[in-house]
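Have a look at the structure below, then the notes.
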Amino acid sequence: MANFFSDNKDLQFHLGHPAMRKIVELKERGFALKDRYELAPQDFDDAMDNYRRVLEIAGEVCGEVIAPNAEGVDHEGPRVENDHVVYAAGTSRNIEAITKAGLGGMTLPYEYDGLNFPLVCFVMANEMVARADAGFENIWGLQDCAETLNEFASEDIKRLFLPLVSAGATCAMDLTEPDAGSDLGAVMLKATYDEKSDRWLLNGVKRFITNGDGDVSLVLARTEEGTADARGLSMLVHDKRDGGVKVRRIENKLGIKGSPTCELVFTNAPARLVGDRKMGLIKYVMSLMNAARLGIGAQSVGLCEAAYREALKYAREREQFGKPIIRFAAVSEMLSNMKAKLQGARALLYETTRFVETYKQYTHISHERSLEPEERQQMKFYTRLADGFTPLVKLFSSEYANQLAYDAVQIHGGSGFMKDYPCERLYRDARIMNIYEGTSQLQVVAAINAVTKGTFLEQIKEYEAADYSEAMCAVKSKLVELRIKFEEMVARVESLDKEHPGFKDFHARRLVETAGHIIITYLLARQAGESSEYVDSAQIFCKLAEGKIGEAYTYVMHSTGEDVALFKKVEGEECC
């Protein structure tokens with residue numbers, strides 16, 4: 001039987017990371033929850049055993065149900081009937097199987113019928129679902145919307161909506177509009193308070209909404225009359241059963257076709273306010289987007305896994321000139337690079353997840369009691385890391401998803417261009433990943449502060465100060481050289497930006513990617529000290545990083561203000 005957890009040693013390795021002990025103790029409040037909830041683990045070992053068993057169940061559902069349905073779902077897709085979404089038959093079977101397996105509300109507290117699992121486990125489940133079918137991950141993975149309710153909503157709203165998600169209700173983030181894509185401050189969907197019903201009534205249009213006909217929707221809307229910026233926006237939650245929302249159309253997309261991307265029309269749709277008015281975009285959407293970016297990281301890594309496995313399988317089976325094509329150097333090098341990028345992206349994904357989990361748990365604890373000074377410092381420290389690493393993981397993993405899907409098709413040759421092989425679907429599905437939830441360019445904008453404020457450099461030096469295995473000595477030496485180059489690049493960019501405004505923006509991607517390449521190599525080198533499985537990938541990724549950083553270093557160190565002026569001319573040019 002196919003099981004996407006049992007067959008993945010890399011996932012199992014990350015589940016056993018030493019930081020899990022601290023994470024589990026925080027999540028279980030020092031295991032005091034066992035006295036209040038029957039499902040709560042007795043101790044760390046009990047918790048880890050439970051996580052493994054549930055992840056094995058999730059892995060089996062992914063391997064036995066979701067993956068076999070993927071091609072059919074891609075072909076059939078969802079449709080609109082009577083103003084609502086009807087999923088493809090395979091999608092309905094997926095939802096039924098995953099709900100029966102009890103995989104709703106994975107991270108939600110016990111009191112709302114959740115499993116109270118760490119975020120690491122939810123991200124792993126997301127990754128496995130995406131490996132099976134990236135489009136379905138968009139439906140199931142959106143249950144992380146419930147975390148925003150858990151963090152910011154009133155107790156009444158939490159008790160109303162969170163058990164629904166735990167029972168399998170689907171979710172949606174209704175943010176973008178026809179004239180408000182990345183610029184969410186321009187959202188104009190109107191929310192008007194109705195005293196009679198004690199509800200807010202929503203009117204307007206939303207577009208490009210993933211799983212837009214979900215059971216529970218978080219809606220960004222304008223509650224403040226006469227405003228036109230972010231200060232007039234609030235977050236509200238809508239229950240599909242209350243009506244008032246029609247699906248006008250489902251977009252005809254290049255990929256992830258099983259996931260309905262909807263245009264929605266709101267007509268006096270009842271909703272409840274989440275948190276405080278005017279904080280919708282400033283506070284709540286930022287939290288929502290960070291979770292979504294981590295989700296796209298998991299989705300991207302899952303697709304990387306699928307693409308690598310498809311390419312490896314085909315290369316072993318396909319013979320040319322009397323031998324399998326994997327024995328040709330050009331193909332074996334591609335596969336080695338694919339594996340290194342896959343394991344590197346995964347290492348960054350779970351390092352980031354651990355940072356996010358730790359600060360979030362301290363945040364939840366701070367609502368229950370006053371934090372100790374040391375705990376408060378820990379919360380600030382991990383919040384800072386999470387803010388920098390979240391856009392970084394979204395940038396790298398989504399770009400690698402596209403690269404690995406491309407390489408998988410290339411290894412298949414002409415066959416990869418045909419619909420007979422899954423890699424054709426993977427190639428189409430991957431293309432959206434470095435676009436939605438913030439394009440790669442926007443991730444650079446979000447991550448550049450971690451470069452200029454020293455967050456990445458401080459963490460790189462933390463990695464540098466650690467001990468590494470003998471096999472990683474050469475890698476460590478090279479990383480020290482690359483870190484020095486990174487510091488020189490940052491110093492030059494900051495210096496010239498004072499004379500030539502825009503110089504930092506021009507080189508931002510080169511700086512962010514340089515930091516990412518160093519960080520990922522360190523993570524793989526650290527893993528190589530714990531398992532020889534990672535030695536080759538660490539060495540290969542170091543070579544890739546050296547090449548990329550060398551190119552960026554040469555460009556930055558020889559760049560002048562004239563380069564920025566030259567590219568700025570494009571802004572004033574008219575199309576031919």
When you check the gap from the basic side-chain N to the acidic O, do [X] and [Y] get nearer than 4.0 Å?
X	Y	result
Lys504	Glu494	no
Arg131	Glu137	no
Glu424	Arg428	yes
Glu305	Arg309	yes
Asp74	Arg425	no

If you measure only the distance, is there a donor-acceptor pair under 3.5 Å linking the side chains of [X] and [Y]?
X	Y	answer
Tyr522	Glu351	no
Lys257	Asn252	yes
Gln361	Glu357	yes
Gln299	Asn138	yes
Thr107	Glu147	yes
Lys478	Gln539	no

I need the [X] [atom1] to [Y] [atom2] distance, nearest 0.5 Å.
X	Y	atom1	atom2	result
Thr353	Glu127	OG1	CD	9.5 Å
Glu513	Ile549	CD	CD1	10.0 Å
Cys304	Tyr308	SG	OH	12.5 Å
Asn126	Ser300	CG	OG	11.0 Å
Lys313	Ile326	NZ	CD1	13.0 Å
Thr261	Ile256	OG1	CD1	5.0 Å

Is the [X]-[Y] ring centre distance short of 6.0 angstrom?
X	Y	result
Phe486	Tyr553	no
Phe122	Phe117	no
Phe381	Tyr359	no

Take Val475 and Phe541, measure what side chain to side chain contact (heavy atoms under 4.5 Å, CB included) needs, and give me the verdict at the end.
CA-CA 10 Å; Val475 170; Phe541 198 92; over 6 Å; no
Please indicate whether [X] has more than 12 foreign heavy atoms, meaning atoms of other residues, nucleotides or ligands, lying under 6.0 Å from its [atom1].
X	atom1	result
Lys548	NZ	no
Lys323	NZ	yes
Glu499	CD	yes
Arg316	CZ	no
Tyr406	OH	no
Asp179	CG	no

For the pair [X] (side chain) and [Y] (backbone), establish whether a donor and an acceptor sit closer than 3.5 Å, ignoring hydrogens and angles.
X	Y	value
Ser332	Ala329	yes
Asp133	Val129	no
Lys394	Gly438	yes
Arg526	Tyr468	no
Thr455	Gly388	no
Asp497	Gly502	yes
Asn434	Thr439	no
Asn211	Cys171	yes
Gln378	Tyr362	no

Passes ring pair (Phe, Tyr, Trp, His ring centres under 6.0 Å), Tyr534 versus Phe13? Steps please.
CA-CA 11 Å; Tyr534 299 103; Phe13 175 87; 4.9 Å; yes
Do you know which two heavy atoms are closest between Gln12 and Ser6, and how far apart they sit?
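The answer is NE2-O, 3.1 Å.
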For the residue pair Phe355 and Tyr382, categorise the inter-ring angle as parallel (less than 30°), tilted (30 to 60°) or perpendicular (more than 60°).
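Taking Tyr382 first and then Phe355, their aromatic rings sit tilted (interplane angle of 30° to 60°).
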For the residue pair Phe396 and His517, does the interplanar ring angle fall in the parallel (under 30°), tilted (30 to 60°) or perpendicular (over 60°) class?
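The rings of Phe396 and His517 stand perpendicular, inter-plane angle above 60°.
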Give the C-alpha distance, both sets of side-chain angles, the deciding distance and a yes or no for side chain to side chain contact (heavy atoms under 4.5 Å, CB included) between Asp174 and Leu218.
CA-CA 6 Å; Asp174 296 0; Leu218 293 179; over 6 Å; no
Quick one: are Leu392 and Phe456 in side-chain contact, heavy atoms under 4.5 Å?
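Yes. Closest side-chain heavy atoms under 4.5 Å.
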Apply side chain to side chain contact (heavy atoms under 4.5 Å, CB included) to Ile435 and Arg431, showing your working.
CA-CA 8 Å; Ile435 297 174; Arg431 191 61 191 90; 3.8 Å; yes
Enumerate the salt bridge (charged side-chain N to carboxylate O under 4.0 Å, His left out) contacts for residues 438-458, please, sequence neighbours excluded, ordered by first and then second residue.
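Found Arg384-Glu458.
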Apply salt bridge (charged side-chain N to carboxylate O under 4.0 Å, His left out) to Arg509 and Glu399, showing your working.
CA-CA 13 Å; Arg509 184 156 185 168; Glu399 291 291 339; 3.3 Å; yes
Going through the checks in order, is the salt bridge (charged side-chain N to carboxylate O under 4.0 Å, His left out) test met by Arg510 and Glu551?
CA-CA 9 Å; Arg510 280 172 274 277; Glu551 180 183 336; over 6 Å; no
I would like to know whether Arg483 and Glu464 meet salt bridge (charged side-chain N to carboxylate O under 4.0 Å, His left out); could you show each step before the answer?
CA-CA 9 Å; Arg483 186 261 299 162; Glu464 191 176 300; 2.8 Å; yes
Stepwise side chain to side chain contact (heavy atoms under 4.5 Å, CB included) test for Arg293 and Gln443
CA-CA 9 Å; Arg293 286 169 179 170; Gln443 302 311 310; 3.4 Å; yes
Evaluation steps, salt bridge (charged side-chain N to carboxylate O under 4.0 Å, His left out), between Lys419 and Glu71:
CA-CA 9 Å; Lys419 290 187 177 287; Glu71 291 298 326; over 6 Å; no
Excluding sequence neighbours, so at least two apart, what forms side-chain hydrogen bond (donor to acceptor under 3.5 Å, both in side chains) with Gln377?
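For Gln377, no residue satisfies side-chain hydrogen bond (donor to acceptor under 3.5 Å, both in side chains) once neighbours in sequence are set aside.
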ring-ring contact (aromatic ring centres under 6.0 Å, His included) against His507, all qualifying residues, sequence neighbours excluded:
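If we apply the ring-ring contact (aromatic ring centres under 6.0 Å, His included) test to His507, skipping adjacent residues, the hits are Phe503, Tyr555.
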